[in-house]
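Here the structure comes first, spelled out in structure tokens, and everything after it is commentary.
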Amino acid sequence: MDTDFIPLDYDYFDFEGRNYIRIIGRNSKGKRVCVVDTCDIYLWAILKDGVKKEKISKVIEKIEKIKLDSKGRQTRVEKVELHEKTFLGKKVKALKVFATNYKDLHDIADEIGFDEIEKRRGYDLGFTTHYIIERKIVPCNWYDISGDLIAGNDFAGISNIEVDFCLKLNKSKKIEERKFEPKIVAYDIETDDIKIGKGEILMISLVSDNFKKVITWKKTKKKFDYVEYVKDEGELLERFSEHLKKLSPDFLVGYYSDNFDLPYLKARAEENKIRLSLGLDGSEPKFSRGIELTGKIKGIVHIDLLRFIRTAYSQYMQSETMRLDDVATEFLGEGKKVFKFKHSSKIKEDEWESFFEYNLHDSVLVFRLFEKIWPDILEFSRIIQEPIFEASRNGMSKNVESYILHNLEKFDEIPEKKPMSEEISKRMHMGKYEGAFVFEPIPGIYEDIAVFDFTSCYGSTIVTYNLSKSTFLEKPEKNSYSIETPEGKLHFSKESGFFPEILNDIIEKRKKYKQELKEKPDVIKKARSNAFKLLANSAYGYQGFFGARYYLREAAAATAAFAKKLIKEVIETIDDAKYKTVYSDTDSIAFLLNGKTEKQTLDFLKKLNSQLPGIMELELEGFFRRGLWVTKRTGTIGAKKKYALLGKDGKVKIRGFETVRRDWCALARRTQDKVLRLVLDEGDEKKSLEYVKDIIKKLKQRKISIDDLIIKTQLKKSLEDYKTVSPHVIAARKMIDSGIPIDEGHLIEYYIAETEEKKKLVRDGVKLPNEKGEYDIEYYLEHQILPAVDTIFQVFGVDIKGIIEEKKKDQNRLSKWM
DNA sequence: GACTGAACTATACC
DNA sequence: ACGGGTATAGTTCAGTC
């Protein structure tokens with residue numbers, strides 16, 4: 001039978017001792033297809049240099065005889081082949097050792113620790129990754145496939161799987177992209193206790209195309225047509241399964257559902273002694289523990305949107321937290337509905353309606369978020385060639401590694417192994433290496449500024465100087481790239497390595513898709529361009545990351561050192577051309593035009609680019625009307641990573657200031673933001689001084705709302721691990737005392753209130769937002785408002801603190817006499 | 001008990 | 001344990017006089 005096919009979900013099973021992949025996907029007619037296939041299973045045994053032919057034959061003979069009985073499974077080496085390969089760029093002779101079961105490769109590797117063998121590799125990729133590399137059935141690509149229809153009992157592993165048809169794959173051919181609209185179900189639960197399984201599940205909402213439902217066991221007098229009423233929690237769970245089965249989605253999508261919704265459902269199913277048969281084969285969801293819990297459903301791709309958003313978007317997001325409310329507001333322009341949580345026993349009859357709506361709306365938001373983000377997930381999966389389940393959960397480092405592993409073949413490279421825990425801890429104990437250069441600005445307000453920055457700076461540096469594990473040289477060769485670092489000179493071969501070469505390809509693709517996007521925009525191109533950009537920007541972090549297969553601290557250190565040297569040279573060139581550099585951080589340079597025109601500056605940029613080494617490239621970030629740099633709080637030297645720019649388009653770009661820090665109260669942030677904007681617009685401080693005086697007046701008259709004085713600080717670890725009892729720790733303790741469960745990661749909110757005696761410590765005044773109290777005027781003045789604006793006024797020679805203090809003294813004097 | 005520097009902590013920039 | 005280093009700045013804590 002023939003069909004077209006897009007693979008979505010991968011897992012595997014054993015049949016007669018052999019591994020079979022099972023891929024669930026769709027064809028263009030919307031039928032659900034299951035494909036069963038197998039592939040060569042092998043590991044690589046890399047031979048030591050200069051092992052003689054006869055010796056090799058003997059080793060092969062020995063290996064071919066290996067038979068193992070592991071975990072009750074008979075496994076044996078099927079054959080051994082000798083190949084010419086490369087490993088870390090070096091030519092090697094390697095034995096390809098074929099076996100019957102991927103899970104046994106580790107045991108086989110243990111059996112072949114012969115003297116002639118230098119290293120054993122390629123058995124820790126995971127069967128799915130290995131399969132995709134072998135058979136090139138890449139997730140989310142389209143294929144024409146043909147194969148034999150199989151029934152439930154042909155393979156034990158596919159019994160009773162709910163699909164339209166199941167094929168044993170014979171032939172496949174990649175075809176061009178076709179339209180694919182996945183079937184999605186978004187879900188969300190509400191419970192009586194946030195600890196997994198501790199409380200009852202009150203309701204669950206399901207949202208799909210033209211489908212909105214809330215299932216609950218709560219009986220309300222007034223009935224709502226989107227609410228399905230069941231008798232108890234057990235029935236709720238069963239109805240959820242039934243609806244899911246009927247809707248039969250490709251993706252079940254939640255938000256924080258790996259750690260909450262799905263494990264909760266499982267736990268409550270156990271409590272009710274019910275099987276939660278969500279999988280296409282009727283199986284229950286399975287959880288695996290990495291650093292985070294991960295929930296998998298057979299045949300349906302379970303997606304926790306939070307995890308993807310965190311890795312792919314968070315660095316570009318404005319949201320203060322990654323909570324659904326904030327994220328949905330940013331992406332969709334609409335947040336969650338408001339509902340004040342109470343224990344279900346305390347919810348009044350007329351409040352249930354808004355609870356149902358709240359629950360339903362969460363799923364609506366998740367559904368819409370998924371629609372918006374889907375192109376990005378799809379492109380990530382295609383590009384790194386890993387299934388959506390993995391691509392949507394992996395960190396950027398893992399994504400870089402996947403991309404590398406799936407592109408080793410054209411280099412004949414044998415994959416390097418994952419570091420073991422011993423190696424990891426060794427790497428982790430290595431100190432930091434010297435990183436980027438940050439220019440110390442001279443505080444002041446400047447006019448007519450241009451900003452240049454390097455495109456994919458570190459990625460381009462790695463490519464330009466060929467920096468990687470396989471190109472590293474202990475000693476310099478006559479033709480090598482060398483760089484001085486504080487820890488000594490580092491050298492890299494000029495003979496190109498696979499890592500920089502793959503990275504070069506990534507950067508070129510990024511450029512290509514960015515260009516295509518400019519010419520004819522569409523969401524897929526945008527997603528593709530963005531995915532390559534993220535990969536390019538993560539390659540540097542990858543090589544310095546202790547968990548990486550291709551970790552090399554020297555490569556990371558050299559990348560930073562080369563980039564640092566280059567940007568310093570560029571700054572000199574810019575200043576030599578009679579511009580004046582005012583600031584620079586890592587890969588960007590801000591400088592004064594000094595009377596030159598924008599056109600002259602763009603020509604200068606062109607000239608600069610023609611002189612840069614390798615693929616290094618500068619681009620114009622923008623021209624700015626004004627820019628402000630301030631001093632550090634202590635001393636008179638310029639503060640780094642803190643500035644504000646006013647663009648030609650009137651847009652203000654604020655970096656580092658309290659305005660953009662969530663651990664400052666809204667009043668201080670807003671006041672500073674206003675001051676910055678006024679100062680940039682007007683070029684002087686006069687208006688903003690009046691503005692600040694007015695704010696302070698209001699503060700002293702207690703006219704400021706508590707909402708504007710709330711300080712938010714994240715609890716970064718569990719409460720008992722804190723060595724210092726800081727204000728937010730006190731606030732967190734108070735919350736626990738009042739019965740609000742707090743876990744690490746929680747954003748703690750509090751304000752500083754006046755106390756009866758004069759307090760010695762800030763924390764003595766901590767009160768929760770709903771606690772009664774008078775805000776501490778002095779604290780907010782001295783510790784929030786004034787610090788936020790003080791350094792800005794200093795730039796104009798205005799001593800705002802002095803002005804305010806004078807006033808205070810005057811008032812005191814006056815009050816004494818009155 | 002006031003003062004001071006170090007330690008701890010959170011958050012931002014690129 | 002699930003990219004990296006650089007930087008500012010608040011609050012507490014421990015040691016000093």
Side-chain angles (χ1 to χ4, degrees), chain A residues 289-292 294 307 310-311 315-316 320 393-401 418-421 423-425 427-428 430-440 453-454 456-459 534-535 537-548 550-551 553 555-557 559-561 563-564 567 583-589 621 630-635 637-643 653-664 668 711-717 721-730 747-748 752 760-766 779 782-784 787-788 791:
Chain A
R289 262 213 182 277
I291 186 167
E292 262 185 300
T294 297
R307 295 187 64 167
R310 203 196 280 145
T311 51
Q315 64 176 129
Y316 305 107
E320 270 172 30
R393 285 176 175 76
N394 291 343
M396 276 317 295
S397 195
K398 196 80 203 297
N399 286 335
V400 170
E401 188 156 282
K418 277 191 234 170
M420 300 280 119
S421 61
E423 173 67 18
I424 287 178
S425 66
R427 292 176 182 183
M428 285 175 74
M430 297 275 244
K432 284 186 174 179
Y433 54 84
E434 190 179 89
F437 167 68
V438 188
F439 189 97
E440 188 191 303
D453 57 22
F454 283 103
S456 296
C457 180
Y458 282 157
L534 286 175
L535 284 176
N537 289 342
S538 307
Y540 158 72
Y542 173 79
Q543 293 200 102
F545 167 50
F546 54 76
Y550 296 105
Y551 167 88
R553 189 175 177 276
T559 307
K564 189 175 201 166
I567 201 161
Y583 187 62
S584 165
D585 185 348
T586 312
D587 61 353
S588 72
I589 305 167
E621 218 272 321
V630 298
T631 62
K632 291 208 267 187
R633 194 83 78 224
T634 49
I637 64 167
K640 298 171 178 180
K641 301 191 185 285
K642 249 186 161 181
Y643 60 88
K653 185 173 166 177
I654 297 174
R655 293 290 121 98
F657 277 108
E658 283 73 10
T659 301
V660 299
R661 293 181 63 94
R662 70 169 180 198
D663 55 349
W664 283 69
I711 296 164
K712 301 174 188 176
T713 313
Q714 195 186 15
L715 205 63
K716 303 281 275 186
K717 47 192 174 190
D721 290 342
Y722 279 90
K723 288 179 185 167
T724 32
V725 187
S726 46
H728 78 298
V729 171
I730 293 289
L747 196 63
I748 308 291
I752 304 301
K760 284 185 211 113
L761 296 172
V762 175
R763 68 172 177 221
D764 297 332
V766 167
Y779 174 81
E782 302 286 340
H783 292 254
Q784 294 276 331
T791 54

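Residue numbers start from 1 in every chain, and the chains themselves are labelled A, B, ... in the order their sequence lines are given, proteins ahead of strands.
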So which one's nearest nucleotide on DNA chain C is more toward 5', A/Met428 or A/Thr631? A/Met428

Starting from the 5' end of DNA chain C, give me the residue, A/Pro419 or A/Gly638, whose nearest nucleotide shows up first. A/Pro419

With a cut-off of less than 4.0 Å, is there a side-chain N or O of A/Tyr722 near OP1 or OP2 of B/dA10? yes

Which one, B/dC14, C/dT6, C/dC2, comes nearest to the side chain of A/Lys641? C/dT6

Can you establish whether the number of heavy atoms outside A/Lys398 located under 6.0 Å from its atom NZ is more than 12? no

Specify the separation, in whole Å, of atom OH of A/Tyr643 and atom P of C/dA7. 15 Å

Taking only the side-chain nitrogens and oxygens of A/Arg662, find out if one of them lies under 4.0 Å from OP1 or OP2 of B/dT11. yes

How many Å lie between NZ on A/Lys564 and C1' on C/dG4, as a whole number? 14 Å

For A/Gln315 and C/dG5, what is the distance between atoms CD and P respectively, to the nearest whole Å? 16 Å

So, does A/Tyr779 get its side chain near the phosphate of C/dT11, meaning an N or O under 4.0 Å from OP1 or OP2? yes

Rounded off to whole Å, could you give me the CZ-to-P distance for the A/Arg633 and C/dT11 pair? 10 Å

N-O pairing of A/Lys640 and A/Asp585 below 4.0 Å: no

What's the OH-P distance between A/Tyr551 and C/dG4, to the nearest Å? 10 Å

Ranking B/dC13, C/dC2, C/dG10 by distance to the side chain of A/Pro787, first place goes to C/dG10

Counting primed atoms plus P, OP1 and OP2 as sugar-phosphate and everything else as base, spell out the protein contacts along nucleotides 12-17 of chain C at 4.0 Å heavy-atom distance: B, S or - for each nucleotide, 5' to 3'. SS----

When you get a sec, tell me which of C/dA1, B/dA10, B/dC13 is the closest nucleotide to the side chain of A/Thr713? B/dA10

Phosphate-side-chain proximity, A/Lys640 and B/dA12, N/O vs OP1/OP2 below 4.0 Å: no

Can you figure out which of B/dT11, C/dA9, C/dA1 approaches the side chain of A/Lys716 most closely? B/dT11

Select one nucleotide: of B/dC14, B/dA12, B/dT9, the one nearest the side-chain heavy atoms of A/His728. B/dT9

